[in-house]
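The structure appears below as structure tokens.
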Amino acid sequence: MVWHKIAESELEINWQPNDMCLVDAGDKKVTLARFHERLFAFAYKCPHASGIMADGYINAAGQVTCPVHRYRFDMQNGRNTSGEGYYLKTYSIEKREDGIYVGWEDKGFWGSL
């Protein structure tokens, strides 16, 4: 797992009123979300029509909704919950003593082919 520090604390993150924001983690742009005092990290764009996920909203069930076509996704595992069959890429996120980190598996050169 490759980890990237994105902030010293949650207070340092530039949250939007919808409790989401975009951050740079390594060479990726990632959406962060907070819901019921938990943090989530997932893809910057919707897998369907590339809507910016941070411009959507989180519904009462804790699902992120794309602003373009209202497709919903589980923020924990990326599963599409509105029935279209798409999958939203999710990333690991950890709060540590020295900051907040986002991580993903390093597939190396061969994993990127």
Starting at [atom1] of [X], measure out to [atom2] of [Y] and round the result to the nearest 0.5 Å.
X    : Y   : atom1 : atom2 : answer
T31  : M20 : OG1   : CE    : 7.5 Å
N80  : L88 : CG    : CG    : 9.5 Å
R38  : I93 : CZ    : CD1   : 10.5 Å
Q76  : Q63 : CD    : CD    : 10.5 Å
I100 : E12 : CD1   : CD    : 8.0 Å

Measure across [X] and [Y] and return the closest heavy-atom pair with its distance rounded to 0.1 Å.
X   : Y    : value
N18 : A54  : ND2-O, 2.8 Å
Y91 : G103 : CB-O, 3.6 Å
I58 : A33  : CD1-CB, 3.9 Å
C66 : G51  : SG-CA, 4.0 Å

Note, [X] side chain near [Y] side chain (heavy atom, < 4.5 Å):
X    : Y    : answer
R34  : I13  : no
H48  : E84  : no
K45  : I52  : yes
F42  : F73  : no
I6   : L32  : yes
W104 : K89  : no
M1   : E105 : yes
T90  : N77  : no

With a 3.5 Å distance limit and no angle check, can you tell me whether [X] reaches the backbone of [Y] through a side-chain donor-acceptor pair?
X   : Y   : result
D19 : F35 : no
R79 : D74 : no
K95 : E10 : no
T65 : R70 : no
S82 : Y71 : no

Spell out, yes or no, whether [X] and [Y] are grouped together once hydrophobic residues are joined by side-chain heavy atoms under 4.5 Å, including indirect joins.
X    : Y   : result
Y101 : V30 : no
Y44  : M75 : no
Y57  : Y86 : no

How far apart are the C-alpha atoms of S92 and W3, what are their side-chain angles, what is the distance that settles it, and do they pass the side chain to side chain contact (heavy atoms under 4.5 Å, CB included) test? CA-CA 9 Å; S92 298; W3 291 96; 3.6 Å; yes

Could you tell me whether N14 atom CG has more than 12 heavy atoms of other residues or ligands within 6.0 Å of it?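 Counting neighbours around CG of N14, 12 or fewer heavy atoms of other residues, nucleotides or ligands fall under 6.0 Å, so no.
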
Sequence neighbours left out, what passes side-chain hydrogen bond (donor to acceptor under 3.5 Å, both in side chains) with E94? Give chain and number order. R96

